[in-house]
Amino acid sequence: MASASGKQSSKNASKGSSGGSGGGGGSQPAMPGSGATTSLMGSLNKKKKPFLGMPAPLGYVPGLGRGATGFTTRSDIGPARDANDPVDDRHAPPGKRTVGDQMKKNQDDDDEDLNDTNYDEFNGYAGSLFSSGPYEKDDEEADAIYAALDKRMDERRKERRELREKEEIEKYRMERPKIQQQFSDLKRKLSEVTEEEWLSIPEVGDARNKRQRNPRYEKLTPVPDSFFSKHLQSGENHTTVDPLQGQFGGLNTPFPGGLNTPYPGGMTPGLMTPGTGELDMRKIGQARNTLMDMRLSQVSDSVSGQTVVDPKGYLTDLNSMIPTHGGDISDIKKARLLLKSVRETNPHHPPAWIASARLEEVTGKLQVARNLIMKGTEMCPKSEDVWLEAARLQPGDTAKAVVAQAVRHLPQSVRIYIRAAELETDVRAKKRVLRKALENVSKSVRLWKAAVELEEPEDARIMLSRAVECCPTSVELWLALARLETYENARRVLNKARENIPTDRHIWITAAKLEEANGNTQMVEKIIDRAITSLRANGVEINREQWIQDAEECDKAGSVATCQAVIRAVIGIGIEEEDCKHTWMEDAESCVSHGALECARAIYAHALQVFPSKKSVWLRAAYFEKNHGTRESLEALLQRAVAHCPKAEVLWLMGAKSKWLAEDVPAARSILALAFQANPNSEEIWLAAVKLESENNEYERARRLLAKARSSAPTARVFMKSVKLEWVLGNIEAAQELCTEALKHYEDFPKLWMMRGQIEEQSGPMDKAREAYNQGLKKCPHSIALWLLLSQLEEKAGQLTRARAILEKSRLKNPQNPELWLESVRLEYRAGLKNIANTLMAKALQECPNSGILWAEAVFLEARPQRKTKSVDALKKCEHDPHVLLAVAKLFWSERKITKAREWFLRTVKIEPDLGDAWALFYKFELQHGTEEQQAEVRKRCENAEPRHGELWCAESKHILNWQKKIGEILVQVAAKIKNTF
């Protein structure tokens, strides 16, 4: 005890020393008196220490500087615990429920993992070397610095690493595309699937094999009762049928007793009667019935509740089935209760009775619905809707009785009379009902129309005479009567109609059509003018759009004079003077799109009267006659046009061309002569005259005209035509001389350099042609055709590297040019370098993302499975580009989708009729898959369109051997050279 108390006192002493280390006089007690008061006041006057109230520094131990050390007592860590003591957590998992288990787990965590799988030759064992030591603030700062360094170093390499990873991923995806990418084109098509198509898609097929899908059901063969009786008494198992049974017919036994057995005592008691020892057939029948009932019940519910076999005789008609869904039943009950409340609250409210009847009809209770609606007719006898609903719900004869009862209550109801007529099946009965109705309701237009439709023409005329007396304000009845009357009577009828209805325009238009039909065309204009005046006098606003629609209807009905008179009367109503021309041109185009050609012709005629000196109006009218009129009407229009616009060269040229196409060469010459007088020194007219003479083999006259043109109107085109004439006629030296002379005056005209190079290329050595192209490129560095010709020249000479260098130089001089990129891609492809061609195409599409010719080429650079996907991308970028549309048409052609290919060809030539390649491919397509009529149609449309552009087209049309060939001949020639290599 003494030692224990000594220890306790020493502890207190040490605690006192450590606790007092923070204050200066902690060991001496404060003395009461003035000294204490003075020290307190002095301490209050002293300045406050700066560290007071602040947290202690990290690792600070009070009194450490004077040798004091801190210690821990049991009260700080809690009482000592045995290893078998339970832990505080009552819900600890197994293996952690005692103090010893947790201590062992902590030791295991602290031990370093020295397993061989955790060892690395470079890094050694995984984990930190000092993981068991304390983690202090300086460690945290060091880790932050190292992390910042790692992040900085990672960012320096990040761009290169990401680029490399992206290239590796792209390369991997190209070699092994995802299934998702392979089916991306098909997934896009899902947006076009309609709801009906989606619902018609079959369910997923059964993945089991054939034996699992079609198990061989157990085949049961009926066995005669004699077989049972024979083997029951023997007690033996047999797997074969007695041959005697087959010998005696299968169902008969060799024993004359049939079902009796020679051993009555050897039966089992289950199937034998207890007293007689014979087979109990009643029990066998009951067992069979029980088995059959079980099988029927199994089959009836074998397919997710759908009844396949109906053993209990339920109705299976879907129309009569009551909804079985719990929500539906509850909704019906609520609706029925609500409607019942409405009926009881307001029994004279017709919609409540109608809704109640329809609810019962929907739920299949038709008789309840009929009873309800009949009760409704008693409560609401003056409601048309209730009577009509009752007639609809009742069967035939009963419905007639209901309608008859309705007529007694509502003798003025038109709808009930119409329903009564519909219920009759005999025409005479219908007429009788309608005539009875007209006796009661003579003012109903609907009843008169229904009655007239059932009559013969003569009776209908008599009936309409009475109808217009009863309904004098019905325009339809007046017009119907006018159609049935003779000419004189019809005029009288229409006059009476105008008196009764002075505000309707249809009566006036019908009168004008009547006069036109009887040959009085001079009266048509007067009637329409009087109509406008009369309608305005009666306060009717003249709606221009409505009158134009009436004119289009007259045009379609064949009343041309009426149509033109209406157009002339209303075309200028409600339009400002400065908007007239624009509005009239739109009206004409609208009429053409609606198929009303005479209306459009009348609009153009009126516009030409108002604007006789407008060249654009004459041109539009001329193109309209060219597309929709005859050659005579076109020539007559052009004669008037050149009289009013003599300076319009295009009108003179159209007139001359029309005569030339009609093989009237002298008339064409005379027109061009008049054009020369009106437009002296006009380049277009000079060249047209030269073409006329050269096409008709008058080469000397063409040469003289060109010589005069070079002297009086020297232009680059005149010189070019001169050179070409000599070239195609085989005068190479004269062509070269003219070309040299032309280049002295027009050295910046690229076509002259192109012709010079082609002449030199044709005549022999390549060096002169190369020199001509190079000189031309110095003068015209932005001429794409010159660059292409020089590149193709080098390629023909076998200088692939030089051709590639020329194209690269051309792309530097002319950036973002799709033609140059396309030629570069094709150059590599022709050389067999498909990978380089694909790389160039990718660069080209980056530089020219909206180029149709590049996308069209890119589609066919892809492998066949990826072409459709590429075509979809092309259509997104260039939706209305003719080259892309043509590529899609070729794609469908290659897949043998004939109808779709034809649709896309038609769309292409409609968008760009000037593209000769589209016409040639379309014609080739029809040659392979179309009829003779379709081929002739394509050729005719191509000749009318007169295409002038296209890579394949220009190669043939501008060849010197084809200079005199017509459009149709060139079309056949181009189509013959196309090969289906796509």
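Numbers here are sequence positions counted from 1.
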Can you tell me if Asp555 uses its side chain to pair, donor with acceptor, with the backbone of Cys563 under 3.5 Å?
no
Judged by atom type as modelled, is there a donor-acceptor pair below 3.5 Å linking the side chain of Ser810 to the main-chain atoms of Leu807?
yes
Is the Lys NZ or Arg CZ of Arg941 less than 6.0 Å from the centre of Trp919's six-membered ring, within 45° of the axis?
no
4.5 Å side-chain heavy-atom contact, Leu637 and Leu608:
yes
So, the side chain of Trp855 versus the backbone of Pro849: is there a donor-acceptor pair under 3.5 Å, distance only?
yes
Does atom CZ (Arg948) have a neighbourhood of more than 12 heavy atoms from anything else shown, all under 6.0 Å?
no
I'd like to check Phe925 versus Ile898 (side-chain heavy atoms, cut-off strictly below 4.5 Å). Are they in contact?
yes
Give the C-alpha distance, both sets of side-chain angles, the deciding distance and a yes or no for salt bridge (Lys or Arg N to Asp or Glu O under 4.0 Å) between Glu684 and Arg717.
CA-CA 9 Å; Glu684 292 290 339; Arg717 285 189 67 204; 3.0 Å; yes
So does Ser957 get a backbone contact from the side chain of Asn962, meaning a donor-acceptor N/O pair under 3.5 Å?
no
Has His959 got a side-chain atom pairing as donor or acceptor with Leu961's backbone, closer than 3.5 angstrom?
yes
Nearest 0.5 Å, what's the CD1-CG distance between Ile978 and Leu952?
5.5 Å
With a 4.5 Å heavy-atom cut-off, do Lys813 and Lys809 have their side chains touching?
yes
Distance alone, cut at 3.5 Å: any donor-acceptor contact between the side chains of Trp787 and Glu823?
no
For the pair Arg804 and Glu828, find out whether any cationic side-chain nitrogen is under 4.0 Å from an anionic carboxylate oxygen.
yes
Kindly indicate, with the supporting measurements, whether the criterion salt bridge (Lys or Arg N to Asp or Glu O under 4.0 Å) is fulfilled by Glu937 and Lys940.
CA-CA 5 Å; Glu937 176 68 19; Lys940 181 181 177 182; 5.7 Å; no
Which heavy atom of Tyr773 sits nearest to which heavy atom of Met754, and what is that distance?
CE2-O, 4.1 Å
Count the heavy atoms of every other residue, nucleotide or ligand shown that sit under 6.0 Å from NE2 of His949, and state whether that count exceeds 12.
no
Derivation of the side chain to side chain contact (heavy atoms under 4.5 Å, CB included) call for Gln775 and Arg756
CA-CA 11 Å; Gln775 287 179 359; Arg756 181 174 182 177; 4.2 Å; yes
Between CD1 of Ile575 and OG1 of Thr583, what distance do you get to the nearest 0.5 Å?
5.0 Å
More than 12 heavy atoms of other groups within 6.0 Å of His880 NE2:
no
Close side-chain approach of Ile671 to Val642, heavy-atom, < 4.5 Å
no
Does Lys581 make a cation-pi contact with Phe611, if we ask for NZ or CZ under 6.0 Å from the ring centre and within 45° of the axis?
no
Regarding Glu586 and His582, do their side chains bring together a donor and an acceptor under 3.5 Å, going by distance alone?
yes
A side-chain contact here means heavy atoms from C-beta on lying under 4.5 Å apart; do Val909 and Leu915 qualify?
no
Can we say Glu741 and Lys744 salt-bridge, meaning some charged N sits less than 4.0 Å from an Asp/Glu carboxylate O?
no
Of the non-hydrogen atoms in Lys615 and Val650, which two are nearest, and what is the gap between them?
CE-CG1, 3.9 Å
Under-4.0 Å salt bridge between Arg939 and Glu943:
yes
Mark yes or no for whether Trp953, through its side chain, and Pro947, through its backbone, hold a donor-acceptor pair below 3.5 Å.
yes
Could you measure the distance from the CD atom of Glu552 to the OG atom of Ser590? Nearest 0.5 Å is fine.
5.5 Å
Can you see which heavy atom on Leu738 is nearest to which on Phe719, and at what distance?
O-CD2, 4.4 Å
Heavy-atom count around Lys897 NZ within 6.0 Å, excluding the residue itself: above 12?
yes
Side chain to side chain contact (heavy atoms under 4.5 Å, CB included) between Val938 and Gln934, worked out
CA-CA 6 Å; Val938 171; Gln934 290 170 327; 5.6 Å; no
Just checking, any donor-acceptor pair under 3.5 angstrom between side chains of Glu635 and Gln639?
no
So do Ile567 and His606 actually touch side chain to side chain, heavy atoms under 4.5 Å?
no
Which heavy atom in Arg703 sits nearest to a heavy atom in Asn731, and how many Å separate them?
NH2-ND2, 2.6 Å
When you check the gap from the basic side-chain N to the acidic O, do Lys796 and Glu761 get nearer than 4.0 Å?
yes
How long is the gap from CG on Asn817 to CZ on Arg811, to the nearest 0.5 Å?
10.5 Å
Nearest 0.5 Å, please: how far is CG in Leu793 from CD1 in Ile806?
8.0 Å
Any donor-acceptor pair under 3.5 Å linking the side-chain atoms of Ser694 with those of Lys721?
no
Show, in sequence, the C-alpha distance, side-chain angles and deciding distance for Trp727 and Gln758, and conclude whether the side chain to side chain donor-acceptor pair (under 3.5 Å) test is met.
CA-CA 10 Å; Trp727 184 15; Gln758 288 172 333; over 6 Å; no
Between Lys870 and Phe860, is there a side-chain heavy-atom distance shorter than 4.5 Å?
no
Any side-chain to backbone donor/acceptor pair from Gln816 onto Cys848? Under 3.5 Å, distance only.
no
Nearest heavy-atom approach of Val859 to Ala874 is CG2-CB, 4.4 Å
Would you call the rings of His644 and Trp618 parallel, tilted or perpendicular, where under 30° means parallel and over 60° means perpendicular?
parallel
Tell me if the NZ atom of Lys924 is crowded by more than 12 foreign heavy atoms within 6.0 Å.
yes
Within 6.0 angstrom of Lys779 NZ, more than 12 heavy atoms from elsewhere
no
Ion pair present between Arg902 and Glu926, side-chain N to carboxylate O less than 4.0 angstrom?
yes
Has Glu932 got more than 12 heavy atoms of other residues, nucleotides or ligands less than 6.0 Å from its CD?
no
Can you name the nearest heavy-atom pair linking Tyr829 to Ala837, along with the distance?
N-CB, 4.0 Å
Do the rings of Trp904 and Phe892 sit parallel, tilted or perpendicular, given the 30° and 60° boundaries?
tilted
With a 3.5 Å distance limit and no angle check, can you tell me whether Ser658 reaches the backbone of Gly655 through a side-chain donor-acceptor pair?
no
Counting heavy atoms not belonging to Glu946, are there more than 12 under 6.0 Å from its CD?
yes
Quick one: CD1 on Ile603 to SG on Cys591, what's the gap to the nearest 0.5 Å?
4.0 Å
Given side chains that start at C-beta, do those of Arg770 and Arg802 come closer than 4.5 Å, heavy atoms only?
yes
Measure from the side-chain N and O atoms of Asp881 to the backbone N and O of Ser851, and report whether any donor-acceptor pair falls under 3.5 Å.
no
Test: Arg669 and Glu693 ion pair at under 4.0 Å:
yes
Between Glu795 and Arg826, is there a side-chain N and carboxylate O pair less than 4.0 Å apart?
no
